Every structure is written in C-alpha cells, then in structure tokens.
There are 2 protein chains.
Amino acid sequence: MATIKAAILGFGTVGQGIYHILNEKREELRAKLGLELEVAKILVRDTTKERVPGTAHLLTDSIDDCLSVKGIQVVFEAIVNEEPAFGYLKKAVENKCHVVTANKVMFAKRGLELQELARQNGVFVGYEATTAGGVPVIKTMKNILLVNDVSRIQGVLNGTTNYILTKMRAEGWSFEDALKEAQVLGYAEADPYNDISGQDAFKKLMILSSLAFGDQPNWADVEVIGIDSISAEQVSDSIEKGLRYRHVAEVEKYPDGSLYAKVAPMLVDKEHPLYPIDDVFNAVTMETNYIGTLTLVGPGAGMYPTASVMVEDYAEIIGKRAGFVVTI
Amino acid sequence: MATIKAAILGFGTVGQGIYHILNEKREELRAKLGLELEVAKILVRDTTKERVPGTAHLLTDSIDDCLSVKGIQVVFEAIVNEEPAFGYLKKAVENKCHVVTANKVMFAKRGLELQELARQNGVFVGYEATTAGGVPVIKTMKNILLVNDVSRIQGVLNGTTNYILTKMRAEGWSFEDALKEAQVLGYAEADPYNDISGQDAFKKLMILSSLAFGDQPNWADVEVIGIDSISAEQVSDSIEKGLRYRHVAEVEKYPDGSLYAKVAPMLVDKEHPLYPIDDVFNAVTMETNYIGTLTLVGPGAGMYPTASVMVEDYAEIIGKRAGFVVTI
C-alpha cells in the first residue's frame with residue numbers, strides 16, 4: 001500500500017492532538033483512503049524535550065530537515081504567529097507539499113497569498129482549523145458558495161471569551177477568576193490578550209471575510225472591542241433583564257460592494273440564536289441568498305476538536321488527489 | 001467549452017427551483033466549474049401543462065426519452081414516493097448518469113441499495129436535499145465521519161410541524177388554523193399526514209442513520225408519535241412553564257452496537273439548543289467522539305433552499321469528476 005509521509009510543525013496541544021488521532025485512526029484511515037499515513041518528522045524548538053513518548057526520533061528543529069524527507073507530501077502546521085510559520089509553509093508549498101494549518105494569525109494576513117501560491121504549485125491548503133475550532137464553517141461555506149452568495153456573517157468565534165462571559169453570568173465569578181479557570185483548563189493562553197481584546201475573533205472574522213467575499217475590510221477601519229470592557233455590575237444588570245452577553249464578530253457586504261466589520265460584546269435575549277451558546281462553544285451564522293440563514297454550533301477550542309478537523313482536511317485533500325470519494 | 005446535459009424528473013416546487021437556479025447561476029457555474037450545464041429534458045406526468053414559460057419543448061413523460069438524450073450525464077430527481085422514482089434512478093445509474101435526489105421516502109428505503117448500484121457503475125448519488133432542506137447535514141456528516149464516529153443524532157427534521165408548533169405557541173392559533181396557514185404557504189402538502197404523523201421526520205432520520213451507522217433500526221421497532229397528540233391546553237400549559245414543544249427525531253447507537261430511534265414531541269427549556277429553533281427551521285445535532293457536539297440550523301423547507309443544495313450536489317459531483325477544487 002502506498003505511504004504518504006507527513007510532517008507536523010509545532011507540537012503543542014494541537015500538534016499532539018493530530019499525532020494521537022493519526023495513531024488512533026490509523027487502520028480506519030487506511031481502509032477509507034487506501035493509503036498509509038506516516039508522521040516522518042515533528043518540528044519543535046527544543047528537540048531535547050520529548051512531549052509524547054516514542055516521538056524523540058522524529059523531532060527536529062529544522063524545516064529543511066522536514067521537507068527533505070523522501071516522499072514528504074503533507075505538512076500539518078500548528079504554530080502560533082505569522083513568522084516563521086508563513087515562511088515554513090511557503091517552502092512546503094514550493095516543495096509540492098499540501099499544507100493543513102491551524103494558524104489564524106498567519107492565515108488572516110497571508111491566507112490569500114498562500115492559497116495563490118498553492119494553486120500555482122498544484123497543491124491544496126486546508127485551513128478549517130483556523131476558524132471556530134471543531135465547527136466546520138470553512139468547508140460548509142465553500143460548499144454553499146458554489147451556488148449561493150453570502151451577504152453577512154455573524155458569530156461567536158472565541159471560545160475563551162464565551163467561557164468567561166458564561167461563568168461570570170452563571171456562576172457569578174469575577175472576570176479575573178473566570179479567566180484564571182480558563183487558563184487552568186487550557187482554553188486561554190498564559191497571555192490572554194488576544195482572546196480578551198477580541199483580536200483572536202477579529203483574525204478569524206477576516207479569514208471568513210476572505211472566503212465569503214474574496215476580500216477583507218481595511219483592518220484599521222474595523223472596531224474591535226474586547227470583553228474586558230464589561231463590568232460585574234453590567235453582567236448582573238443583564239441577568240435581571242433576562243439578557244446575556246455574547247462577544248460577537250460580524251462582517252457584512254453592503255450593496256455598494258464595500259465591507260463592514262465589527263467585533264464587540266452584544267446583549268441578546270432568549271429569542272436570539274446565540275442565547276443558548278454557552279461555555280467554549282462557537283457559533284457562526286451566514287446569510288445567503290438561496291438557502292437563507294444557516295447556523296453552525298460546536299466546540300470552539302480544545303485539542304481534539306481542532307486536531308480532528310485538521311485530519312479531516314488531510315483526508316479531504318487525499319480524497320481529491322486520488323479521486324477518492326466517500327460513498328456511504 | 002464542454003457541455004453536460006441534465007434531466008429534471010418532476011417539475012413541482014423543487015424541480016422548478018433547480019431550473020431557476022441553473023438559469024440564474026449559469027455564468028457563475030460555468031466560470032467555477034469550467035463546464036456548461038444544459039437542462040435537456042424535464043419529466044412530467046402531464047406534458048401539456050407548461051409550468052415555466054419556455055420549457056414546453058423540454059417536457060416529456062417518458063424516462064427513456066430523458067435517458068436517451070445524447071450526452072446526458074446528470075439526473076435531478078424531485079418526485080415523491082418510492083416508485084416510479086427508484087426505478088427511474090436505477091435506470092439512470094445503469095445508464096452511467098450521476099443522480100441528485102430530494103426524494104426522502106425513496107431514499108430512506110432504497111438509499112443504500114441505490115448507492116451500491118452507483119458505486120458499481122462509477123457514478124455518484126447526491127442526496128443532501130432529502131434531509132433537512134437547505135441545511136447541509138449530509139455533507140457535514142460525511143466529512144466528519146472521515147475521522148470521527150457519530151454516536152447520536154437528534155433533530156427537528158420537519159419544517160411543517162415546527163411551523164405549526166411555533167404558531168400554536170406564539171400566536172395562540174389552533175392546530176387546524178396553523179396547519180391551514182402552513183398549507184397556504186406551501187410548507188404542508190394537501191394531505192398533511194406524513195408531516196403531522198412524524199412519518200416524514202422518521203424517513204429523514206433513517207437516512208441519517210444509514211449515513212452515520214451504515215444501518216437502520218428495524219422500522220417496526222421505532223416509536224413514531226406525531227404532533228396531533230398535542231392539545232391547545234398542553235401548549236398553553238407549556239407557555240406558563242416557560243417551555244416549548246419541539247418535534248424531535250433521534251437515533252442512537254448503543255455500546256452493544258444496536259440502534260435505538262424515536263420520533264416524538266418533546267418539551268424543552270430555554271437552555272436547550274432547540275429552544276430558539278422556530279418556524280420552518282430545522283436543526284440537527286450530532287454527538288461525535290473527537291469534535292464533540294455539533295449543531296446545524298437552517299431552513300428545513302422551501303423551493304430555493306432545497307433546490308440550492310441539489311445544485312451544490314451537482315457542482316460537487318462535477319468537481320470530483322473533473323478534479324476541480326474550489327480554491328477561494
């Protein structure tokens with residue numbers, strides 16, 4: 001049976017999740033895809049630290065080392081920040097590797113460029129994991145766009161802030177306590193600025209904007225308000241009124257073709273689709289011309305949801321290349 | 001440019017919707033797929049009735065007439081009931097045509113058989129439109145199943161009953177008035193038995209069961225309770241308690257591998273994901289091992305939502321055949 005070799009760039013929560021799923025699903029993926037997948041290299045900064053038993057011999061700190069593996073065809077990328085991630089993926093694509101990324105900061109800014117580069121090199125870019133964790137919003141929107149136009153996207157795109165807002169309301173916790181618990185649970189980074197400030201949701205929104213409209217609004221024009229502007233008093237006031245705070249990101253295409261985007265806290269009542277979306281759940285609503293309004297809800301964070309959609313991206317890419325189709 | 005010829009079987013609401021979308025999107029589909037699609041025949045019972053201006057010359061009442069068109073490669077089927085639909089599609093598949101169907105009664109019973117036949121003939125079966133109207137639950141689940149196992153599916157799968165329950169609650173209408181309005185709006189058939197009794201939701205549930213589990217429970221073992229069992233008194237009682245009736249279909253795979261399914265009215269409180277799903281909206285929740293719980297919400301009925309996902313099926317099939325990929 002043919003073997004496809006892959007490298008994993010970055011071996012934190014998501015990178016390890018990919019490794020675990022590929023191991024657990026080895027037989028099933030082989031049966032479904034007719035191919036063996038082998039993780040041949042894992043790129044880390046510190047090669048002396050074995051994070052998962054049995055992987056020491058795979059660790060390297062050199063991207064060239066990863067890409068020079070004979071038969072390498074797929075690169076999973078789960079690093080944070082734009083560089084060196086973009087440079088790595090550019091090299092991978094030029095090396096005729098398909099890439100699957102979870103890197104929203106890089107992809108929000110360089111996604112269209114990376115996809116164009118991939119097109120020129122005849123390879124694919126999977127980026128489902130960049131936006132809304134385990135919620136398959138990218139694939140769903142791509143499919144819908146085959147026939148429909150999307151006019152507006154609205155969503156809760158950051159699991160950490162939704163978790164914090166949920167705990168402040170439902171448990172009466174302070175912002176600080178809720179944040180601390182989110183960090184303990186691994187939802188929030190040690191530096192929670194990107195989540196709290198809305199910058200993380202903003203990046204995801206820009207990725208959705210590129211997909212739906214082929215373009216993004218001017219970043220400097222987008223108002224981004226974080227959840228740190230919400231006081232405990234405002235939360236208790238909202239409870240009394242039967243309302244809930246959600247941190248909502250939205251982008252809209254106006255009839256004149258211009259794009260308008262915003263990220264800000266919003267009060268919703270019990271008739272609003274976002275009302276029951278608690279904890280780390282994400283939700284994305286798309287307004288389309290033929291189908292109407294479509295909403296997807298699911299876990300917006302976590303090792304397995306995110307890693308799982310990356311392996312799905314891989315399976316989809318392989319399926320396309322080999323003409324493979326799921327028939328069930 | 002290459003031209004793909006298609007036939008539409010059945011020219012009611014959905015069949016006409018397909019015809020309209022294919023016309024409206026002609027340029028865009030040509031640009032995206034690199035192919036021209038031509039509707040070459042439309043199968044109807046009464047060829048003297050021109051339902052859409054300019055289509056009289058396309059009408060025929062003979063399936064053989066449709067399949068003998070030179071270059072015919074796709075058949076859209078929007079007929080009701082098992083036969084003659086299954087017989088037509090069997091012929092189409094044996095004639096090496098891809099088929100796209102909206103026929104849930106036929107597909108619930110003969111779907112696995114039709115797909116096996118298609119596999120043998122090297123063609124595809126698109127059936128997104130059989131279940132939950134414009135909500136892309138079939139594609140989403142197929143994708144998820146590449147990596148995840150699904151253990152349980154729960155949903156509101158019939159737009160008509162959800163519309164009736166919504167109007168009884170929100171407008172205080174009687175069951176009869178709500179049903180009449182649903183018929184006026186084209187949601188309910190002249191004979192509303194299939195919707196009201198839960199049989200329509202049951203068929204869709206069986207299609208989801210086949211997809212998720214490769215099997216269906218014994219139909220005779222499934223309890224199917226319609227919404228006609230709900231009295232006006234029960235509705236007003238539920239309002240007082242802050243609860244809402246939803247008509248819920250669910251199927252679950254037990255650890256021993258056996259399948260359990262049920263269709264019945266259910267009372268949900270405001271924390272339940274189905275609480276805000278009003279009017280003709282459908283919702284489907286899937287429990288999976290890696291991603292967790294994923295929910296899709298959208299319009300469960302209507303000409304354009306249903307026809308739109310059928311044209312998406314076509315675009316997806318053509319994309320697969322031609323190695324075409326959306327790169328946006």
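These numbers were taken from a predicted model, which means no experiment stands behind them. To find a chain, count down the sequence lines: A is the first, B the second, and so on, and within it residues start at 1. These numbers come from the heavy atoms of this one structure, side chains and all, not from hydrogens, waters or symmetry mates.
For chain A, the nearby parts of B/Ile21 are the backbone and the side chain; heavy atoms of each come within less than 4.5 Å. Looking at B/Val309, the atoms closer than 4.5 Å to chain A (heavy atoms on both sides) all sit in the side chain, from C-beta outward. B/Glu28 touches chain A through its side chain: at least one heavy atom from C-beta onward sits under 4.5 Å away, while N, CA, C and O do not. In this structure, the portions of A/Leu294 lying under 4.5 Å from any heavy atom of chain B include both its backbone and its side chain. A/Ile144 touches chain B through backbone and side chain together, each having a heavy atom under 4.5 Å away.
Here the CG-CG distance, from B/Asn143 to A/Asn143, works out to 9.0 Å after rounding to the nearest 0.5 Å.
At a threshold of 4.5 Å between non-hydrogen side-chain atoms, the residues B/Asp149 and A/Lys25 count as touching. For the pair A/Asn289/B/Glu24, no side-chain contact is recorded, criterion being any heavy-atom separation below 4.5 Å from C-beta on.
For the set B/Thr288, B/Asn148, B/Ile138, B/Ile277, the entry with the most heavy-atom pairs within less than 4.5 Å of chain A is B/Asn148. Note on B/Gly298, B/Gly134, B/Pro276, B/Ser308: by heavy-atom pairs under 4.5 Å with chain A, the leading option is B/Ser308. Heavy-atom pairs under 4.5 Å with chain B were tallied for A/Phe281, A/Tyr290, A/Tyr314; the largest tally goes to A/Tyr290.
Scanning all heavy atoms of the two residues, the minimum distance from B/Thr293 to A/Pro299 falls at O-CD, 3.4 Å.
With respect to the salt-bridge test (charged N to carboxylate O, under 4.0 angstrom), the residues A/Asp269 and B/Lys270 do not qualify. Using a 4.0 Å cut-off between charged nitrogen and carboxylate oxygen, B/Glu271 and A/Arg244 count as a salt-bridge pair.
Without hydrogens or angle criteria, A/Lys32 side chain to B/Leu145 main chain gives a donor-acceptor distance under 3.5 Å.
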